[in-house]
Each structure stands twice: as structure tokens, then as C-alpha cells.
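A quick write-up on the structure given underneath.
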Amino acid sequence: MSFIVAIDGPAGSGKGTVTKQVAQEMGLTNIDTGATYRCVALAVIENNVLLEEKSKIIELAKNIKIDMDTEQNVFLNGRNVTQQIRSKEVSAIVSQISSIKDVRLLMVDLQRKLAEGKDVIMEGRDITTYVFPNADVKIYLDASIEERAKRRYKEMQERQIEATYEEILENIKMRDENDKNKEIGSLKIAPDAIVIDTTELSIEKVTEKVKEIIKSAR
């Protein structure tokens, strides 16, 4: 039997960082669903495929191999792409890539297979509503758009990726709009999800709140 913790939320809400910390502290397997779409986006860029060429993108998604290890590394066709998939070029197109219905179906199937028979924590945009609608724990993390842009800007600086705050803010606005209007797997709050506003909270405080919720469910 699997124990599934599902965490949803918009870009920059803190769900990636929190999920990693909770996984390490509670012995859960962290499956980064966003990384699967980022791998497809990276493959699109590296193969010079245009966003309009949906059939080519779907074919790429069908034929690439995506793996993750216990150290949070992500592999695309056997190559470690953990850093490359976080580039601003990938971030700029990942929402459009994940909006393609056939790509989404392929990645959801992969995500479900990765979770089989494990105690997992999984974060994304539609984990509580679409990937695992029967998850044991459902959490939705949110924050103001300005705070989310600040966090992403700081993250980019730490990784020495050139981007302005204004660029990031506009990108997040675009992603929010796109994520909320997807044909399948759109970003929304599940009726039975626990909502945590992280705007004024430190990562440590959010992590503790999430751990308390999981402990209660277990």
C-alpha cells in the first residue's frame, strides 16, 4: 500500500522546497512532477522544436526517458539535467508544454508509475485534483504574486542565472493564467485540500505545518 501526500500550488509558493525538506525529515520519496514537464521542455529546446509543432513535442515526450534518484537528481535519457531544467529558457515555456493534452497524459502516467508501492510526497499543479485525487493528504500552498516573484528572483540570483525581477513577475503572471486555464490538470484548490498561505511564513514554519498535517493523517 502507498501513502500519498499531494501538494499543489502556483509557481513560487514554496512547494518544491517544502516538499524536499518534508521528504528528507519524514522518510518519504519525493517525486518532482514539475521536473517531468521541464525535461520535455528541455528536449524541445535542444531539438529546436517550435511550440507550434505539437505533434513533434508529443513524439519527443513519448520517446524520452526520465528518471529521478533519491538525491533529487533528474535524468533525461541518462544525462543529469538537474540544473539545466531550471534555466529561464525552460521556465519560459514549461507551462505551454504542460498544457498539451497528450504530453500531460504521458507525464501523469509516468508520475503514477513512479509512486507505485511507495510512501511518497508529490508536488505540482494538479496532484490533489487529477494525478492523485484520492491522496491520503492534500495540501494547497499559496502566496502573493509579488512574494512569489521575489522568491524566484532570489533563487535565480543564487544559481547565477541572469533575470530581472520584472521579467520573473511577468513570467509568473503568464504561468498563473495558463495554469488555471488548462484543458486538463488546471491549477485549482481541491475541495478537501488544506490551504496554507506562505506569504509571511518562513520555509521552516511551512515545513512544520505540513509535517503536523501528515502526522495527523498517518
Whether the [X] and [Y] side chains hold a donor-acceptor pair (N or O, under 3.5 Å, no angle test) is what I'd like checked.
X: E177; Y: N181; value: yes
X: N30; Y: T19; value: no
X: K182; Y: S98; value: yes
X: T36; Y: Q111; value: yes

K113: partners by salt bridge (Lys or Arg N to Asp or Glu O under 4.0 Å), with sequence neighbours left out: D109
Would [X] and [Y] pass as an ion pair if we require N to O under 4.0 Å?
X: R151; Y: E147; answer: yes
X: E170; Y: K173; answer: yes
X: D126; Y: R104; answer: yes
X: D142; Y: K15; answer: no
X: E204; Y: K209; answer: no

Under 3.5 Å, side chain of [X] to main-chain N/O of [Y], donor-acceptor pair present?
X: T199; Y: S144; answer: yes
X: E208; Y: K205; answer: no
X: T33; Y: E123; answer: yes
X: T198; Y: S13; answer: yes

Of the non-hydrogen atoms in S99 and N178, which two are nearest, and what is the gap between them? OG-ND2, 3.0 Å
What is the minimum heavy-atom distance between P133 and T129, and which atoms define it? CB-O, 3.8 Å
Is there a chain of hydrophobic side chains (I, L, V, M, F, W, Y, each step under 4.5 Å between heavy atoms) that links M174 to V90? no
Residues joined to I168 in its hydrophobic cluster, side chain to side chain under 4.5 Å directly or through other members, sorted by chain and number, are I145, Y153, M156, I161, Y165, L169, I172
Starting from I189 and following side-chain heavy-atom contacts under 4.5 Å between hydrophobic residues (I, L, V, M, F, W, Y), which residues can be reached? Y140, L187, V195
Got a second to check how far S55's OG is from E59's CD, nearest 0.5 Å? 8.0 Å
